[in-house]
Each structure stands twice: as structure tokens, then as C-alpha cells.
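Below you'll find the structure, written out as C-alpha cells, and then a few comments.
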Amino acid sequence: MTARIASVETFIISLPREVPYLGPLGPGERINERGYLIRHANRAIYPSTDMSVLIKLTADDGTVGWGETYGIIAPDAVTAIIDDVLGPLLLGRDPRDAVVIQEDLYDLMRVRGFFGGFYVDAIAGLDIAIWDLHGKLLGQPVVKLLGGQRSERVPAYVSGLPGRTLDERLALARDFMARGFDAFKYAAAVSFDGIVQEMQVLREGLGPQVKLMVDLHWKFTAQEAVQLIDQLTPFRPYFVEAPCAPEDIEGQAHVGASVRVPLALGEELRTVFEYRPRLERRAMSIVQPEMGHTGMSQFMQIGRMANAFHMKVIPHASIGIGIYQAASLHATAALPNAPMHEYQHSVFDRNLRYVNTRMRCEQGYFYLPEGPGLGIEPHASVWQFIRQKVKP
Ligand code: MG
């Protein structure tokens, strides 16, 4: 008999952290009463805790599938969409129909303009949970259901060097090098000493072999970005990320055509429909899908479409307890054009204590989880960090 989805539950998790994501607060930055802070350098809001939305699917034979989605800001928006609308529609569905279900849910609201944002995040979390359930019911790792597994491990690049001074950041990078890592990305939003100077210090301090990357955090106009990237070019960045505004496709394409270093972008995009115009205009050569936004079904379509454009996939890694990170590693290991995965060390290692998994990052590599499904489940300790949903 085929197992069917019998219940859908959502949980908001809020894990305390000592230093906010991206590092210590800058001048004039503060945490408000809801736990959010605004980074002045890129005018973006961040949480002071590690928040995400967990999804638990239970099949009628008792098998459980776990999903997780992006919930760093206003996670109640996502849980409301699932609890009120999408969750009830999954009851009775066959988890082997993961892609079909993702397409069905996406269709429900597209005519009203909901083809991104919180709505698609909610679908992404459900989609990941359905894939986990699908794998568990078959007794197979998800990567084996995606067309096949290319590798047991995935090269990791170190994302973020959260030190107060350039000396501290260089020392942190050297510490990672001593532990087998050879690729580093720093964040323009907290590059208080200057973006060019930071890359110069890192290149001179770490040597010619390491891969260096910078995330420009959408801060610049297209022309400003070209000017800046020209100054970075002598230090041979492996890629430069998110040079200008997410909406500015023509600007992104202008930068792509004007500089001599690879560009990467896409962490804010959720579907092939959002990626397509950037791919067609060659606005980048590396796409960075974020599993918490895309879900597994869209992630794989984005990755294969990027391959058709001869572009690489270097997935984004955001804030979560690790379930969508695990899903992202399964997907990465199945793609022919995914040479690395982002390693958010300040999130990943600390939050491993909240999950049962063999997934880990050591000596420059992610090791995939083992076992059927995604190979990861919440640890009992995570339930003390549930954030109460906002009551109307
Ligand atoms: Mg980024």
C-alpha cells in the first residue's frame, strides 16, 4: 500500500547566538525589541538569533519527513501560509509525487502575483520535507533519487571572516587554512576598512593559491560595481558576488559584460522563472541557489538549467539548524556543474548540536549525511528553542 501524507506541522526555531550573523554590530547598529538589527552598510535587516521554520510531515504509516525553510525575518508569514493554506492541501498526497506537488502548490497563487517571497519559501520547506519522506519510504538517500550521486563529499568555501580588525580576519582565515580550507569569502557589509584593502590584505597574507571571494551585498550601481571590481581584479578574485540591486537585471548584465572576473548571484531568487532572464543575459557565470528559498525540486531545475548555459552552481548557505543545508548537499552532489558549496561556519558548526546527522564539514569538505531520506533530523534539544507564533 502506498503511504500518504497524514499530517503537516510547523515550528519556528530561534537559536540564541552571542555574536550576530556577519559579526559584531557596527557603529550605531542596535538590536530592537523584536530581536532584529539593520546593517547600515547594505540597509538590510537581520535577526540576532538563528531563526528558521521546521516542517514535520507524518505519513499514514507513521514515517516522518523533515523540512526546513528560510525564516530569518517574519517566520510567522511562512508558517501562516503553510498552516492555513498549503499544509491541508498535502493531506492524502503521495510523497513520490514531490515535483508534481511543488508545481501544483506554485500554480495556486501565481495569477495573483505570488511567484516569490514568503509564499515560495513556504513551498520550499514543504518540498524538502516531501523529498525526505519520499527517500525514507523507499529506504534511499535523496541524492540517489535526483538522478545519481557524483561524490561522497563536496568542497567547502569559508564564508565570512567575522573579526573586528583586518588582522583578526586574516588570523581567522589562516586558522582555517591550517585546518585544510583554501577558499574564503568576506562580506562587504562589514568590510569597515574598505573592500579593496581587505582583499589586498587577504591576498598578500594568505598567498597566491587560495581562492578569494567577496560578497558586495547589492550595494552598488552597475557603473560603481565595474569601477570597484576593476580595482579588485589585480588580486584575482575567484568570484565577486551580488554587485548591484537584485531587481536590476540590465545592471547585472552590464557588470557581467564589463569585468574580467567571474560574477556570482542568485541567493535571493527562488525559481527557474526568476533565474531565466539572468541566465539569458549572462549576468553571471556562477548561480547561487539557496535551498531554503528554492526547495529541492526547483533547486535541481535551476542547477540543470544553469548547466545548459555552461554556468557553475555554488550554492548559498543561510541560517538554519541544518536540514535545508543537508538538502543542499544532496542536490550539489547530484549536479555535474557544482564545484563548491558555501560554508557558513558561524551557523553550521554551532547548530550541528541541534540535529542528529552524520553531515559535517572537515578539512575543506562537506561530508553528506548518511541513511535514507536527507539523513538528518532535529535533536531533542532543539525543542526548547521554539519561538511562539504571533497571535492575531
Ligand atoms: Mg551573499
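When a ligand or atom number is given, it counts from 1 through the structure's own listing order. Bear in mind that the values here come from a model prediction, so they are computed numbers and not experimental data. Index from 1, following the sequence.
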### Message
Would R179 and F176 count as a cation-pi pair here, with the cationic atom under 6.0 angstrom from the ring centre and within 45° of the axis?
### Response
yes
### Query
Do R110 and F273 meet the cation-pi criteria used here (NZ or CZ under 6.0 Å from the six-membered ring centre, within 45° of the axis)?
yes
### Message
If the threshold is 4.0 Å, N to carboxylate O, is there a salt bridge linking E18 and R350?
### Response
no
### Message
Checking the side chain of H379 only, and the main-chain atoms of Y354 only, is there a donor and an acceptor separated by less than 3.5 Å?
### Response
no
### Task
Just the protein N/O/S atoms under 2.8 Å from the Mg ion (ligand 1), please, no waters.
D215 OD2, E241 OE2, E267 OE1
### Residues forming a side chain to side chain contact (heavy atoms under 4.5 Å, CB included) with A156, sequence neighbours excluded
F181, Y343, C361, F366
### Query
Is R153 positioned over the aromatic face of Y365, cation under 6.0 angstrom from the ring centre and no more than 45 degrees off axis?
yes
